[in-house]
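Each chain gets a letter, A, B and so on, in the order the sequences are listed, and its residues count up from 1. What's counted below: heavy atoms across the whole structure, side chains too, no hydrogens, waters or symmetry copies.
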Amino acid sequence: MSVRDAVLRVRALLAPRRVERELDEELAFHVELEARKHLAAGLSPADARHRALARFGSIALVADQCRDARGTTFFDTLARDVAYAFRSFRRAPLAALTIVVTVGLGLGLITVVFTVYSTFFLRVDAVRNPGELFSVERPTAPGSETRLPFTRSDYEAMRRETSVFTDSFATVRPLRARIDGRRVSSALVTGNFFQMLGVSPALGRTLSPDDDDRAGRPVIVLSHRGWSNLFSGDPTVIGRSVRVNGRPYEVVGVMPADFRGLAIGPPDYWAPLALVDQFRDNYADRENESPVDIIGRLNPGLNAEAATAALDTWASQRADLPPSAGLAGAFGGGGKTTVANPSFIRLRSRQGTLLADGNEAPLVFVPIFFAFGMILMIGCANVANLLLARGVSRQREIGIRLSVGASRQRIVRQLLTESLLLALVAAACGCAISWLFQHGALYAATTTMPPEVAEALNLGVLATDWRVFVFLVAGAIVSTLIFGLAPALQATRLELVRTMRGEMTRDMRPDRARHALIALQVGASALLLICSGIFLRSAFDAARLDPGVRTSDTVVVPILNESRRAVLLQAVTAHPAVVALAASSDKMRAVAEVPDSAEATARTASSPSLVRVDQIAASPEYFDVLGIDIVRGRGFTQAERGAEAGVVVVTETLARALWPNRDAVGQVVHLQASDTAQPNPPSMPSRAFTVVGIMRDVNGPLAPDFFPSWAVYVPTGAESPGTGLTLRVRGDPERARQALLESLIAVDPGLGEINTMRTIAGMQAYILQILFWVTIVLGGLALALTLSGLFGVLSYVVEQRVRDIGVRMALGATTRHVAGLVLTQSFRSVAIGLLAGGGLAAAVAIVLTALDDSGELGHMVRVLDPVPYVASALVIATACLLATSIPTLRAARIDPIEILRKE
Amino acid sequence: MPRQHAPDLLPGTLDMLILRTLQNGSMHGWAISERIQQISQDVLQINQGSLYPALHRLEHQGWIEAEWAVSELGRRAKYYQLTASGRRQLAVEASEWERMSTAIARVMRLA
């Protein structure tokens, strides 16, 4: 079909009346000229016209032939096929319904995944010229992921001193805050943020450069999400005053839903960057030192390389590098290396919402698409089997149509039209199923989730946009080809004469294709069920796992605003639910050095003199509140409440590593902070500490984040800045958490998240449970579809071989023989499927463990646990046996006399 | 009827004749049939019922294109003209015809 052809066809379709009129005009013109010719030859006008018409023949017939040439017959045929398809659906409504539901289920499930994927990766923000946007980063070394953040004064200087960007903005996000007591996520932006991106508000106005001023009235702009969550989409919200972290702000605007502020998850609102001290009060009075991200619009005259070079030059000329740049990081062979020239600049393209390069996140979706797509595959295999069977029952009809002259192509096309119609109805059905599934999953998730997690995640059903519809229609077409093409080709490959006599041709029993389909289905179900088994076992393990610390009555309260520390401490101490209070800092990276040179010569590589450790500050009560035993020596005394006490407690693992053959208690260790990634590391020069105690190692789910095994604990007190609180409470920890939340918000409106230790420790088990539920639902569906497919195929086989079986029985075959005959039909394909599914699961598991350097996966799930493999094999084998039993019994009950009489 | 009924055209030659006729410039349907008749000295009379379907088919194939223009009668008429791909097609068909007719002539003469 050439372009011109397509154009003409489309024209004929869009303006049929005009095309018809032109055709009539053209033919009439011809007749007119012909008549004039005869007129000139001397005939009377009437005769001339008559002769002209006679010569021409039937004008209607010619017009019809022209119409054929024009190719609108395609659509006439389509209309006829559609009408025919509806008639055949009405004849076999059950088959049509089965197909629609099966394919609809598969399409619906995969659409759920696509909706999530589309929301995160395809729906980029509609900003002006996203291709010009670049984020500016300053890695500590070329290629390094550790970055030295820019500050607001860097940003101002960059704007002033370089012309690389036509415009740029700085932002800080995500920041946690509370609006009227509710946790929200905020983004702070410079005043030109919205103008630079070229986006306009849905309501009110956006921020302006004037708002980005400490002297001005504090204002915020809500995102669509924040607007619906906090104000239920109230249109009168503009001008209202809200309390952000206890301070009054005025709502001046609401952004539309499709603007997410260049982030995958939108913040609830945007506030001017100048007010950063109201969110992070350690920047009070030095707002220009707060670390920011910078995104700029590249000057059209520059390419990314030239811009990077220009920024490099600018950065190396800048003298006032932040103090953190000078810190040394020393690892490895004992030598000290300083951070390389900190002026490397990297530009990363920001295409709207996404970083254009180095995007690995979409890869995560590959296994998810695969798992959900498997249901669609199995469904299509079922439908293909069904259609193969129907093709046989329709072969008389098809045979007749072929013998009266229909071309094979024509019939294949008609069968495919039928399949496509079904698939499109299934897609509509899939749309509804996807909606139901999302709501069901959301309901299940929010009701089982710990409340504080639900509050923090703030989930909602994702919007369905045109991409989802395109995906559904494309999915319908692809599945039509998968399930419809083979049966259509099969059904039209007939030996006409024998078919007309009602005999089955050999060709019409596509046994091998059928059994391959069954094996495929069994394999896919086995894979899914094995996965769900592994997740279930791992979830059980994780739930049973001893977290290693007291979780039954501990609650964790972070202190975000140092200015509120004193009052918070007071409120916590006075709170009736609190029994004991301990303080601790987050872990920080440090380097430990054992200065014992006499020993150093005897050391081997296994005990290097410089090791990387995690340094945690803990108050004297910390070990007791969390129930961590000191196995040797002592904990901190009440008098030891700071690093100046010169004492540390180390973990058992670290003690063994640093002093392999000696008692660690009483040894001296030098510690030096090495965290360059932290914007403002507490200045801690390398100094000597005496080990006073060894604490028990804490294993389990909390270990990596909270209780690292290579850790040094230095003393601190709850008054020291940078520490959070761990409380032992009376009674139910969840109730205590609620009570604390209520009374502490009154003291600090910007209060952080309060969690029970039980929730924190249970997170991992919870994630595994979710994975279990997803895979068990998928696996169950897969198995159900497989069984119905197996049942259908075997019933059909029995049906087809009734005569064969009857003859065998008449010749003396026993019931057992016949049953065996049917069972062996399915046995082999089920066995092959089981082996393939199990093998694939094991192979994936082995590859995953091999790829996983960190060992985190192996820590969480035992991928080669034999129990799930055996259990799912048993379940599938039993279920298949049940599914085959009915057709088998039917075969065994065949009465040979009855059959032979029919012959 | 003054004339004998014209012999049927050889199948497949109508397209070629139309393309060749249009080589001299754009024409409407009636002019095409008249011209073929004249040049062939009334031997070839285009069955007019098959002329228009052929024209429409050629148009869909992209070998000719149509344009409405004012005719000698002062009324608008549909004028057809050759496209670039039509010229190529004509060359192919003409050389094929040449080959066939020489072959047939040889057989008729020598066999």
Side-chain angles (χ1 to χ4, degrees), chain A residues 1-13 15-16 18-43 47-75, chain B residues 1-6 8 14-15 18 26-38 42 44-89:
Chain A
M1 199 193 274
S2 68
V3 182
R4 184 178 306 272
D5 182 35
V7 171
L8 289 170
R9 280 184 196 214
V10 169
R11 182 158 174 267
L13 266 187
R18 181 149 166 234
V19 171
E20 280 298 307
R21 218 174 38 234
E22 284 182 1
L23 181 60
D24 290 342
E25 194 178 337
E26 188 181 11
L27 299 182
F29 181 75
H30 184 103
V31 173
E32 170 88 33
L33 279 180
E34 186 78 15
R36 279 183 187 233
K37 193 175 87 175
H38 296 305
L39 200 63
L43 265 74
D47 277 354
R49 188 160 178 76
H50 186 74
R51 164 111 25 120
L53 279 174
R55 170 102 201 279
F56 197 89
S58 156
I59 290 190
L61 187 68
V62 172
D64 213 37
Q65 282 166 345
C66 288
R67 263 175 230 127
D68 269 356
R70 151 167 107 206
T72 33
T73 39
F74 177 85
F75 297 96
Chain B
M1 293 280 155
R3 250 181 248 120
Q4 282 272 289
H5 186 69
D8 278 344
L14 177 59
D15 287 6
I18 293 175
S26 66
M27 282 181 192
H28 50 71
W30 184 78
I32 295 174
S33 83
E34 280 298 300
R35 182 149 180 92
I36 293 178
Q37 198 170 331
Q38 268 172 27
D42 288 351
L44 296 175
Q45 293 199 21
I46 305 294
N47 176 9
Q48 310 201 335
S50 55
L51 173 69
Y52 283 92
L55 282 171
H56 283 238
R57 200 173 54 242
L58 292 174
E59 189 187 357
H60 272 270
Q61 268 156 341
W63 292 336
I64 59 176
E65 59 193 2
E67 203 180 5
W68 286 91
V70 179
S71 71
E72 59 266 35
L73 293 187
R75 264 169 60 181
R76 69 175 203 147
K78 204 173 174 189
Y79 280 80
Y80 293 93
Q81 67 184 48
L82 222 51
T83 64
S85 74
R87 264 172 230 292
R88 280 195 298 277
Q89 177 66 18

Fill in the blank from the handout: Bottom line for B/Ser85: the part with an atom under 4.5 Å from chain A's heavy atoms is neither
Handout entry: Test log, rule salt bridge (charged side-chain N to carboxylate O under 4.0 Å, His left out), inputs A/Glu25 and B/Arg76
Key = CA-CA 9 Å; A/Glu25 194 178 337; B/Arg76 69 175 203 147; 3.0 Å; yes
Problem - NZ/NE/NH1/NH2 to OD/OE distance under 4.0 Å, B/Glu34 and A/Lys37 - result: yes
Practice task
Begin from the C-alpha positions of B/Tyr80 and B/His28 and carry the test ring pair (Phe, Tyr, Trp, His ring centres under 6.0 Å) through to its verdict.
Solution key: CA-CA 6 Å; B/Tyr80 293 93; B/His28 50 71; 9.4 Å; no
Problem - Nearest heavy-atom neighbours spanning B/Ala54 and B/Asp15 - result: CB-OD1, 4.1 Å
Completion exercise
When the 4.5 angstrom heavy-atom criterion is applied to B/Glu59 and chain A, the contacting part is both
Problem - Region of A/Glu22 that comes under 4.5 Å of a non-hydrogen atom in chain B - result: both
